[in-house]
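Have a look at the structure below, then the notes.
Throughout, numbering of the chain's residues begins at 1 and tracks the sequence. Computed from a prediction, not measured in an experiment: that's the story for all the values here.
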Amino acid sequence: MSAYIVVNISGVHDAAGYEDYKAKAPAMVRKHGGEYVVRGGTFEVVEGEWKPSRVVILRFPDMASAKAFIDDPEYRPLKKLRQSVCKTDMVVVEGLQQPIF
């Protein structure tokens, strides 16, 4: 069952550092079978109080793959870079095993 990492990036205070992160992160995502579903782009809040800045959604084959990406020792330096140049809110959520409709 697919798993998704949903991220909101805000407060980027080092644009060059964030661009460096964005250039290097995709290889780590691919290493764990992941792909970008959303990476920035236009959005509109249609309900509630959520105030996202930059939304990123990654899809992985399963929860284990998503967590392996997050915990990969090779990813740690990139994770530290990201955390040093912006604020990140992130969740990992399992997708549906079967469509509900």
Side-chain angles (χ1 to χ4, degrees):
M1 162 178 356
S2 293
Y4 298 84
I5 296 178
V6 181
V7 186
N8 180 47
I9 303 289
S10 61
V12 176
H13 56 271
D14 177 351
Y18 186 61
E19 289 302 318
D20 187 34
Y21 173 81
K22 286 183 0 183
K24 294 175 179 171
M28 292 303 302
V29 171
R30 282 190 303 273
K31 175 183 174 184
H32 294 281
E35 64 181 335
Y36 286 84
V37 178
V38 173
R39 190 175 183 191
T42 303
F43 63 86
E44 179 182 346
V45 176
V46 295
E47 190 172 328
E49 302 291 323
W50 191 29
K51 294 179 172 76
S53 296
R54 176 181 171 80
V55 178
V56 177
I57 301 175
L58 307 167
R59 178 176 40 230
F60 289 86
D62 49 43
M63 187 67 87
S65 298
K67 287 181 159 186
F69 160 69
I70 292 168
D71 296 332
D72 188 323
E74 289 182 54
Y75 179 64
R76 283 186 196 137
L78 285 176
K79 186 180 197 178
K80 285 182 79 167
L81 172 62
R82 176 179 43 76
Q83 292 170 338
S84 73
V85 301
C86 63
K87 180 180 181 308
T88 306
D89 297 300
M90 182 183 304
V91 298
V92 181
V93 60
E94 272 187 327
L96 296 172
Q97 195 164 17
Q98 308 177 38
I100 350 180
F101 295 75

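Partners of Asp72 according to the side-chain contact (heavy atoms from CB on, under 4.5 Å) rule, which considers only residues two or more places apart in sequence or in another chain, are Met28, Lys31, His32, Glu74, Tyr75. Scanning for side-chain hydrogen bond (donor to acceptor under 3.5 Å, both in side chains) contacts around Lys67 gives an empty result, with sequence neighbours left out.
Val7 and Val38 are not part of a single hydrophobic cluster, where members link through side-chain heavy atoms under 4.5 Å apart. Residues Met63 and Tyr4 are members of separate hydrophobic clusters, defined by side-chain heavy-atom contacts under 4.5 angstrom among Ile, Leu, Val, Met, Phe, Trp and Tyr. If you chain together hydrophobic residues whose side chains sit under 4.5 Å apart, Met90 and Tyr36 fall into the same group. Cluster membership for Ile5 and Val37, using ILVMFWY side-chain heavy atoms within less than 4.5 angstrom, is not shared.
With rounding to the nearest 0.5 Å, the separation of CD in Glu94 from CG in Asp62 is 8.5 Å.
In terms of heavy-atom proximity, Cys86 sits nearest to Ser10 at CB-O, 3.5 Å. Across every non-hydrogen atom of Pro61 and Gly33, the tightest pair is CD-O, 3.3 Å.
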Under 3.5 Å, which donor-acceptor pairs link side chains of residues 39-58 to any protein atom two or more places apart or in another chain?
from: Arg39; atom 1: NH2; to: Lys22; atom 2: O; distance (Å): 2.6
from: Arg54; atom 1: NE; to: Tyr18; atom 2: OH; distance (Å): 3.0

Evaluate side-chain contact (heavy atoms from CB on, under 4.5 Å) for Val29 paired with Phe60, printing each intermediate quantity in order.
-> CA-CA 8 Å; Val29 171; Phe60 289 86; 4.1 Å; yes
